[in-house]
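These numbers were taken from a predicted model, which means no experiment stands behind them.
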Amino acid sequence: MTAYDAIVLAGGAAERLGGADKPGIRVGGRALLDRVLSACADASTTVVVGGRRPTARAVTWTYEAPRGGGPLAALDAGVRLTTAERVLVLSADLPFLGADTVGALLAAVEDGRREGALCVDQDGRDQPLVAVYGAEPLRRELALLATEHGGLSGLPLRLLTHELDLARVEGDPLASFDCDTWKDIASARARIREHGIVLDEWITAVKDELGIELDVDTDVLLDLARDAAHGVARPAAPLTTFLVGYAAAKAGQNRNGGGDGAVEAVAEAARKAAALARRWANENETQ
């Protein structure tokens, strides 16, 4: 993947939320800001423009000048702390943004023929705060706008995007869904609890909370829990998965391996426990 830095705009008055601390509002147990930071976890440097707060991973903090000066002033403050040739620019209120959309934006500028790429929402509208920009064109246009208007405070984003040669990327339909109102927050909270995605959302939230970077094969663990519950007793399901995790952690320490070793250790421990559960169940069937 193309090397990049990230700028997350986390300021603003959140007037439609009654002045609430929007980046800190939780959806699925995680702050909106943390959800966005997860989507750009492989950025070389991540700059958050806004008030300092605890975050799930380390970032660099800064403020726009003047405070409350709007998105262009915030972008200017953020880009001053970046060094990569590509800069990912995001707002801090995107609960469904994923690494796949970030990857698609970076891929769109990889050949260097365009000055950036931005996400287009379901209605065909440009989303300049779900975008990748070339650092040099971004700095150039910000400087020109500041000279032309005597500063960047209060200027709309469209003044920037109109001057750049940008590719349009149709990402995940929900990637650019932003939370401007309490109705939006309620909608996001309801959506992550839908049957098809609730388990993935929960696993991601738990991993973030515990500081774990591990690709979990949920199907393997669910099959194990099912075998333990049906073949032994229902309370055996959570206890068995806990013991598998403990065994995998010990095996990983002994191997002194990285993330791949931990994944293999979980899979191996799960296979052993599942085989035991099936043997346990078979004894009852043969009696």
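When each of L118, V169, L106, L138 is checked for a side-chain contact (heavy atoms from CB on, under 4.5 Å) with V132, only L106 meets the rule. Screening S91, P95, S187 for a side-chain contact (heavy atoms from CB on, under 4.5 Å) with C179, the sole residue that qualifies is P95.
Every pair tested for ring pair (Phe, Tyr, Trp, His ring centres under 6.0 Å) that includes a residue from residues 205-225 fails, sequence neighbours excluded, so the list is empty. Identified under the side-chain hydrogen bond (donor to acceptor under 3.5 Å, both in side chains) test for residues 112-126, with sequence neighbours left out: D111-R113, R114-D165, E115-R140, D121-R125, D121-Q127, D123-R125, D126-R168. Pairs engaging residues 240-249 under the side-chain hydrogen bond (donor to acceptor under 3.5 Å, both in side chains) rule: none recorded [sequence neighbours left out]. Within the structure, the ring pair (Phe, Tyr, Trp, His ring centres under 6.0 Å) test picks out the following pairs touching residues 61-100 (sequence neighbours left out): F96-F177.
Residues G134 and R86 approach most closely at CA-NH1, 4.4 Å, considering heavy atoms. Contact between A225 and A237 at its shortest, heavy atoms only, is O-CB, 3.4 Å.
Proximity of E163 to L144: side-chain heavy atoms (C-beta onward) are nowhere separated by under 4.5 Å. Looking at heavy atoms from C-beta onward, P23 lies out of side-chain contact with L32 at the 4.5 angstrom threshold. Put simply, the side chain of V266 reaches to within 4.5 Å of the side chain of L221, judged on heavy atoms. Taking 4.5 Å as the limit, every side-chain heavy atom of L72 sits out of range of all side-chain heavy atoms of E64.
A search for side-chain contact (heavy atoms from CB on, under 4.5 Å) contacts involving S44 returns D5, not counting sequence neighbours. By the salt bridge (charged side-chain N to carboxylate O under 4.0 Å, His left out) test, R80 pairs with D76, sequence neighbours left out.
S153 and R67 share no side-chain donor-acceptor pair at under 3.5 Å. Side-chain contact, T204 with R35: no donor N or O sits under 3.5 Å from an acceptor N or O.
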Practice item. Apply side chain to side chain contact (heavy atoms under 4.5 Å, CB included) to the pair Y4 and D42, showing each step before the final yes or no. Key: CA-CA 8 Å; Y4 71 99; D42 55 357; 2.4 Å; yes

Practice item. Might you work through the salt bridge (Lys or Arg N to Asp or Glu O under 4.0 Å) test for D34 and R57, ending with a clear yes or no? Key: CA-CA 8 Å; D34 281 338; R57 66 178 181 86; over 6 Å; no

**Study point:** Working for side chain to side chain contact (heavy atoms under 4.5 Å, CB included), residues V47 and V59
**Key:** CA-CA 6 Å; V47 181; V59 300; over 6 Å; no

Exercise for review: Begin from the C-alpha positions of L145 and L152 and carry the test side chain to side chain contact (heavy atoms under 4.5 Å, CB included) through to its verdict.
Suggested key: CA-CA 7 Å; L145 286 170; L152 296 171; 3.9 Å; yes

Review point. Does the pair I7 and T46 meet the rule for a side chain to side chain contact (heavy atoms under 4.5 Å, CB included), with working shown?
Key: CA-CA 6 Å; I7 301 172; T46 300; over 6 Å; no

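If you take CG on D178 and CG on D184, they are separated by 6.5 Å, rounding to the nearest 0.5 Å. Atoms CD and CZ, on E201 and R189 in that order, are 13.0 Å from each other to the nearest 0.5 Å. Distance check: R226 CZ to R234 CZ gives 15.0 Å after rounding to the nearest 0.5 Å. The distance from atom OG1 of T82 to atom CG of L75, rounded to the nearest 0.5 Å, is 10.0 Å.
E85 CD: 12 or fewer foreign heavy atoms inside a 6.0 Å radius.
Under the 4.5 Å side-chain heavy-atom criterion for ILVMFWY residues, no single connected hydrophobic cluster contains both V130 and L166.
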